[in-house]
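Just so we're on the same page: letters track the sequence lines, and every chain starts at 1. This one's a predicted model, so the numbers in the text were calculated from it and none came from an experiment.
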Protein chains: 2
Amino acid sequence: MIILTQRDQSVLEAVITDYIETGEPVGSRTISKRSALNVSPATIRNVMADLEELGLLHQPHTSAGRIPTPKGLRIYIDSIMQSKQLERQERDLIREELRRKPRDVKDLLQRTSRFLSQYCRQAGVVLWPKLTVTRFKHIEFIRSGQQQVMVILISRSGLIHQTNIDWTEEISQRELDKYSSYVNELLQDLPLSSVKERIREEMRSEKALFDKLAARALEMARQAIHDSSFEDSEIYIEGQSNLLDNPEFADVARMRRLLHTFEDKSRIIRLLDVTLKASAGIQIILGTEDEFQGLQEMSLISSPYGRGDRPLGVLGVIGPMRMDYSRIIPVVEFTARFISQILELADEN
Amino acid sequence: MIILTQRDQSVLEAVITDYIETGEPVGSRTISKRSALNVSPATIRNVMADLEELGLLHQPHTSAGRIPTPKGLRIYIDSIMQSKQLERQERDLIREELRRKPRDVKDLLQRTSRFLSQYCRQAGVVLWPKLTVTRFKHIEFIRSGQQQVMVILISRSGLIHQTNIDWTEEISQRELDKYSSYVNELLQDLPLSSVKERIREEMRSEKALFDKLAARALEMARQAIHDSSFEDSEIYIEGQSNLLDNPEFADVARMRRLLHTFEDKSRIIRLLDVTLKASAGIQIILGTEDEFQGLQEMSLISSPYGRGDRPLGVLGVIGPMRMDYSRIIPVVEFTARFISQILELADEN
DNA sequence: TTCTAGCACTCTATTGGGTTGAGTGCTACC
DNA sequence: GGTAGCACTCAACCCAATAGAGTGCTAGAA
């Protein structure tokens, strides 16, 4: 455990805020002038040397200023920084922006991602709710070929899942309608995570053993839900071009790596899954702490949305490590809370 | 109309193929050695000077080689270049790649876009079918709140459209089911473009005037289809990072402009709409010919897919003007034909 | 003991001159 | 009409010199 004196903290904070602002290594003179502690540059230099020894600052080369290390940022974020409170009018603006005609979930989440990116001038990211965390609302079997059935599954929060299944025998739409209403009845309002189990249970029950219709309907539902894509996650990443505005991405090679990472979304999904599972409010991952490669030198501020005990997905902001944390953190926090409200509302109906 | 001698054409072709390969301005010496016509560099220089006067070649500065202008590329593509035929095994590979478990339309198109990007090492783009060009298959009204109804509309090709509508009075699911089957009956197999008309017609008919259920069902369907997003287009752009591998994007500023363009998809949609409306097979747009800004110095090779007289959408490849047209054009052409087959098949069932 | 002033030192970034080499345009000649 | 030769142009590269920001260290003040 690292213990810092009051002055150490002040210097660390001064270096970080200045670095966040300018992106350049910060020298002792600058801090001496800017910071509230009235000490000379030489004194600052001593403190900085100490902080460097602790691994909180780093010097690109001997005759340059200091920049914070991820470790230094972590301490700053966790115990020094004070998040700015959002102004009332800022909150109103966010509400306004997101509430506008909440047509369907997809639209809402996409807009959220876009909003986060624009408002924070970084990339915004939203992880879709997995179907399994929502509740069953409706299933529909539709004939789509002689031996093909299209299955539409809808959750209470308005998510849609579509899949096609092959059926071994010719089947009429009328028959399918009967299946639909039987299954709808059976699964009404169940959490989708326990639907599989419920179906299996029912298949073993007396009814299914003797009622041919029920047996077939159940078999069809089973196949539909067995579909591999059922548990897939999806994410929206918007505003990648904002990142290019940061001088740290003047380097093409770095930019290329980043774009590659964004295109192979599975990595980011895994990363967000961590936040989802932890589900303990806002989470900040700093580049080098990321055991999954690809986001080096980047930073991810994320928060789960949904009810605390039953998070639906994750939303957040991806940017360079040099971000205005004190502003972005409350924005992400508030957005998550607000989206949660909207979705809970839908899911309760 | 520009008329070129055989030799002019050969020189133009040689410059372009070399430029496509290397990305560097091409000098007279190189051409003299590479091309089949056995003439000296000096002669080539004379020809090149002529071609430059015609606006087909351009010299970045006095002591550099020549690069083709868009005008020069156009002539090359339209009348000089010979598209390579795809090898049998290449076609098999494409088929293989795309046919794998064609689960739903979205998945298919997204995979197509990704495939195009990987195979051509550029960005791949696919414009979704608009709902209005497909045929009606199924509509479903689902109660999603006391006075809220979720409407799911499905086309024969498997597209799904979801919307929410407010209803002025409390309504039960049982009632909604009746609406669904009535409307399904009515609209079965109609082209979605004429559905609006059909509904209006029916509303004026005797039946609707006296049958309250029918009247309400029709009103509900009308509202659902009236929804503004009904005619929206959507596109997938994949493989943007491939573009970064091209040395012409070493320039960050240019890259930034390009990413911005990709994020504001409406421009590209408009651009693709041109191909869709023209619907005359493969279409090539070269950067500066693009009256919509944003794709300067880029080039778009696109082709509509779907039946010739009833195109569904557009797919293609976006890359720098320096692309291997003779290879990519047949790939886009073949992919479009193949996707058309798959989708037609689905739409016919 | 803690802080500060001063100074020599280090290292990057920038500037400008010199050189290289690819490629051209022109002219004289085949 | 085609070619060889030659002087010329221009970007790219290398190199050395310089400027400037910032440090570490030491000696002395509080």
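Relative to the ring axis of A/Tyr119, A/Arg327 places its NZ or CZ within 45° and under 6.0 Å from the centre.
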For DNA chain C, the dot-bracket pattern of Watson-Crick and G-U pairs whose distances stay under 3.5 Å, | for other-strand partners: ||||||||||||||||||||||||||||||
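For the pair B/Ile31 CD1 and C/dT24 P, the interatomic distance rounds to 9 Å; values are reported in whole Å. B/Asp50 has its CG atom 13 Å from the C1' atom of C/dG25, to the nearest Å. In this structure, B/Gln59 atom CD and D/dC8 atom C1' are separated by 13 Å, rounded to whole Å. Taking atom CG on A/Asn46 and atom P on D/dC25, their separation rounds to 10 Å, with Å as the unit. As a whole-Å value, the separation of B/Leu57 CG from C/dG23 P is 15 Å. Remark: C1' of C/dT2 and CG of A/Asn38 are 16 Å apart, rounded to the nearest angstrom.
Heavy-atom distances to DNA chain D give each of A/Ala64 and B/Thr43 a nearest nucleotide, and the one nearer the 5′ end belongs to B/Thr43.
At a non-hydrogen distance threshold of 4.0 Å, nothing from residues 10-30 of chain B comes into contact with DNA chain D.
At a threshold of 4.0 angstrom between heavy atoms, the contacts of B/Thr62 are confined to the sugar-phosphate backbone, with no base atom among them.
Considering only the side chain of A/Met48, D/dT23 comes nearest among D/dT23, D/dT3, C/dC26.
Under 4.0 angstrom from either OP1 or OP2 of D/dG2 there lies at least one side-chain N or O belonging to B/Arg7. The side chain of B/Arg66 contributes an N or O atom lying less than 4.0 Å from OP1 or OP2 of C/dG25.
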Considering only nitrogen or oxygen atoms on both sides, find all protein atoms under 3.5 Å from nucleotides 15-21 of chain D and state each distance.
none

